[in-house]
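Working notes for the structure below.
All values below come from the heavy atoms of this structure, side chains included, with hydrogens, waters and symmetry mates left out. In what follows, residues are counted from 1 in the order of the sequence shown.
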Amino acid sequence: YIEKPSVYEAISDLRDQDILVLGCGSGVECDELIQKGARSVHGIDNAKGLIEIAQKEYSKPTFSCQDIRSFNVQKESYDVCIASLVMHYIPEWQETFSRVWQSLRPGGVFVISLNHPVKFGADIVRGAEYSAILGYEKGKNGVKVYGDYLNKRKIKDTWLGGLEVEFYHQSIEDILKEVLRSQFKLISLFEPKPIERAQKEDPEFYEIHSKIPQFLIIKLQ
C-alpha cells in the first residue's frame, strides 16, 4: 500500500523498458514488471535458493545469483534499475552505484526504496503490543532516550514472527552523502503516504503511516 505504488510512480512508464532489479528475491516483482509492459527484466539476488524459485516459477524474466556490490556489468543494457528495499542491507553503496551507472543507458533511471530512518531509527519493541518510539523523557533521575536516529549502525531485528534480519540504519544526511558521492543526479526524494485503498483494507496501518513515514524513495538519473 506504500512502497510498490511509489516505486512504480517514480518510474512513470514501464512499457518497452529494459529493467534491472537488484535484490529480486523469488522473482515476484520481476514478473509484475513484465505484466506492466516491460520489454525485459533481469533480477539479481545473492540468495541461491530464492533465485532457484524464481527461475522455476517465472519464464519471461531472467535471473542470476550475484551480490549487488559485485555483479557482472552488462554495459548500457538497461533503461531502469530498481533497488527495492535492499540497499539498507549493505554498509557502503559506491560499489553498487558504480555498477548500476555502467549498466544504464544514457538518461537511465535508478529508483531506490529504503526503510525510512525516522521509523527504523526508533526504539522498536515487537510482540503482542508493538511500539516504535523516537524521542526522549526528562525527569528527576535524568533523561531516557528512545532510539538513535543520528548514528549509523547495524540493527538486528526479527520480522514475521521469527525471521532474523540484519540491516544498516543511517540518517537522511548520510543517505544523501552517499548519493552525492556517486555520478548520479538526484531527481527526487519523497516520503510516500499509503494509497487510499489501505484506508479500507487496514485502517490502523493507514492512520499510522499517513502521519509517520515507513519508506523513503529516491530517484536518480
**Q.** Exercise: do E3 and S113 side chains pair donor with acceptor under 3.5 Å
**A.** yes
Q) Would you call the rings of W159 and F167 parallel, tilted or perpendicular, where under 30° means parallel and over 60° means perpendicular? A) tilted
Hey, can you pull the donor-acceptor pairs under 3.5 Å for the side chains in residues 46-60, sequence neighbours left out?
none

Q | Distance (rounded to the nearest 0.5 Å) between S84 OG and M87 CE | A | 12.0 Å
Q. Would Y168 and W93 count as a close aromatic pair, with their ring centres under 6.0 Å?
A. no
**Q.** Side-chain H-bond candidate by donor/acceptor type, E173 with S171, under 3.5 Å
**A.** no
Q: Would you sort out whether R105 and Y78 count as a side chain to side chain contact (heavy atoms under 4.5 Å, CB included), showing the intermediate values?
A: CA-CA 6 Å; R105 296 174 179 133; Y78 301 99; 5.8 Å; no
Q: Give every residue pair that meets the ring-ring contact (aromatic ring centres under 6.0 Å, His included) criterion with at least one member in residues 187-221, sequence neighbours excluded.
A: F205-H209
Q. Going from CD1 on I155 to CZ on F120, what distance comes out if it is rounded to the nearest 0.5 angstrom?
A. 8.5 Å
Q. Is W101 reachable from I175 through a run of I, L, V, M, F, W or Y residues, each pair having side-chain heavy atoms under 4.5 Å apart?
A. yes
Q. So which residues get pulled into L180's cluster when ILVMFWY side chains under 4.5 Å apart are joined, directly or through others?
A. none
Q. Is the gap between the ring centers of F184 and F110 under 6.0 Å?
A. yes
**Q.** No-hydrogen, no-angle side-chain donor-acceptor test under 3.5 Å, Y146 and E137
**A.** yes
Q. Looking at side-chain heavy atoms only, is the closest gap between D79 and V109 below 4.5 Å?
A. no
